[in-house]
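What follows is a short report on a single structure.
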Amino acid sequence: MTPGGSAGTGPADTPPGAAAVAHGVWAAPGRVNLIGEHTDYCDGFVLPFALPQRTVVEASRLDRPEWIVTSTLAGETVTFDLSAPVTGWAAYVAAVVWSLRDAGYEVPGARLRVDSDVPGGAGLSSSAALECAVLSALADLGGLDIPLAHRPKLAQRAENAYVGVPCGIMDQSASTLCREGHALFLDCRTMATEHVPLDLAGQGLAILVIDSKAPHQLVDGEYAARRAACERAAELLGLPALRDATLPDLSRLDDPLLVRRARHVVTENARVLETIALLREGRLREIGPLMTASHTSMRDDFEITVPEVDEAVETALAAGAYGARMTGGGFGGCVLALVEAEKLDTVADAVRSAFATRGFAPPATFTALPAPGAHRLS
């Protein structure tokens, strides 16, 4: 069942068959998160949608337990057999092989060629796109009967246990499960989903993505520190996770820092649910203030924004956006702005001008359209 009370339908909910193939091409998308940041590892609610930008993996079977991976972006080929740790970009590929084998699947050896137009380091889940594209390829090459709903957990474990990034389940879920023209309402405790229509064009709206070009790094300890603070706050409150906390509960915390971290999660979960209610009623413009409130909370309570993303949000709002917020884990990355489609250029130009005035690197901008999750191309 979905959070909205009805089972999903369509290709995105039907797992691929278990017939092995010798060769093929698979793709998995990056994602933006409309709202619901740092709530996934707190058993909370998130609302991402997949991007047209994607990672594509061309793969063929090998008759030995070896994986030969070429990245067109890195201009490098890496060969591994898991007898020694793999580092760098290829670690994300090795992590998927390791996770599948650790779960008991007979993973076929393979030759893989990886290409991607998901911007790296921008908080758009380029790592999850790589993991989910590789997982899809290996599952089909090996005829592995892995239900679609189980795949995000396998990809998440790859990143958590092998790569060492303590991410939640949102990125891999979005890259696997999303549906074209919809946002994915995900309950990160039950893993129940609902595909919520997000018909921006039908209402004359668009979501402008502003890549601040401020480096987005999650392995440097900041993400882990935020997660540890949330888990500590839940422990002190005697709760399974901050999903179960209320604002009055936070008065029982003595540490002001833990209060701020927990307050972000509690209020962010409430904003996700309010956003869902508005989207179900087709009131898309009214989600703007919730997006902006989310950014304020990330800036003041969770303290994960940087000057570039704050400038992008403030400038977009001043130029007429209904709402704007940073998306992703923080400390750089991208901003989403909900705007009238006819104002896309106006808002983008205003942000570029503001960045130039501040001496920031020029931002990149594009329009986000809800795209499908991981699938086989040929």
Side-chain angles (χ1 to χ4, degrees), residues 7-30 50 54-72 77-83 86 89-116 125 127-163 169 171-180 184 191 193 371-378:
T9 58
D13 300 287
T14 305
V21 297
H23 179 270
V25 181
W26 291 262
R54 62 192 184 179
T55 294
V56 176
V57 174
E58 181 179 0
S60 56
R61 286 181 61 113
L62 294 177
D63 59 2
R64 58 190 184 275
E66 181 180 74
W67 295 268
I68 304 170
V69 191
T70 299
S71 166
T72 60
T77 297
V78 175
T79 300
F80 64 89
D81 61 9
L82 291 189
S83 61
V86 180
W89 64 267
Y92 292 92
V93 180
V96 173
V97 176
W98 172 85
S99 180
L100 288 169
R101 292 178 67 173
D102 188 62
Y105 292 102
E106 293 290 335
V107 186
R111 184 183 301 273
L112 304 102
R113 181 178 180 275
V114 179
D115 198 3
S116 181
S125 297
S127 60
L130 174 57
E131 292 157 359
C132 295
V134 169
L135 194 155
S136 296
L138 294 177
D140 284 1
L141 288 179
L144 309 180
D145 190 9
I146 309 174
L148 202 66
H150 294 176
R151 297 186 181 198
K153 279 285 189 184
L154 290 166
Q156 180 199 17
R157 178 158 165 71
E159 191 154 351
N160 288 175
Y162 193 97
V163 180
I169 194 69
D171 295 352
Q172 293 81 6
S173 295
S175 192
T176 301
L177 303 175
C178 276
R179 181 178 297 173
E180 186 172 5
L184 179 73
M191 295 305 295
T193 60
H375 59 287
R376 186 177 175 186
L377 295 176
S378 64

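These numbers come from the heavy atoms of this one structure, side chains and all, not from hydrogens, waters or symmetry mates.
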Worked check of side chain to side chain contact (heavy atoms under 4.5 Å, CB included) between His375 and Leu377: CA-CA 6 Å; His375 59 287; Leu377 295 176; 3.4 Å; yes
Heavy-atom side-chain contact between Asp81 and Pro65 under 4.5 Å: no
Counting only pairs under 3.5 Å, give me each side-chain donor-acceptor contact of residues 95-114, with atom names and distances, residues two or more places apart or in other chains.
unit_1, atom_1, unit_2, atom_2, d
Ser99, OG, Leu154, O, 2.8
Asp102, OD2, Arg157, NE, 3.2
Asp102, OD2, Arg157, NH2, 2.8

Residues forming a side-chain contact (heavy atoms from CB on, under 4.5 Å) with Ala374, sequence neighbours excluded: Ala28, Ser136
Gap between atom CG of Asn160 and atom NZ of Lys153 - 0.5 Å precision: 9.0 Å
Spacing of Gln156 atom CD and Glu131 atom CD [to the nearest 0.5 Å]: 9.5 Å
Validation row: Leu141, Trp26 side chains within 4.5 angstrom (heavy atoms): yes
Whether Arg151 side chain and Cys132 backbone form a donor-acceptor pair below 3.5 Å: no
Ala137 versus Ala59, closest heavy-atom pair with distance: CB-CB, 4.1 Å
side-chain contact (heavy atoms from CB on, under 4.5 Å) against Ala91, all qualifying residues, sequence neighbours excluded: Tyr162
Val134 side chain reached by Tyr92 side chain, heavy atoms, under 4.5 Å: no
Short side-chain to backbone donor-acceptor contact, Thr176 and Gln172, under 3.5 Å: yes
Over all atoms of both residues, closest heavy-atom pair of Pro29 and Ala50: CG-CB, 3.5 Å
Qualifying residues under side-chain contact (heavy atoms from CB on, under 4.5 Å), relative to Glu66, sequence neighbours excluded: Arg64, Ile68, Thr79
Any side-chain heavy-atom pair of Val21 and Arg376 under 4.5 Å: yes
Value rounded to 0.5 Å, distance of CG in Asp115 from CG in Leu130: 11.5 Å
For Ser71, side-chain contact (heavy atoms from CB on, under 4.5 Å) partners two or more places apart: Leu73, Ala74, Trp89
Partners passing side chain to side chain donor-acceptor pair (under 3.5 Å) against Arg61 (at least two apart in sequence or in another chain): none
Closest heavy-atom pair and its distance - Pro152, Ala149: CD-O, 3.6 Å
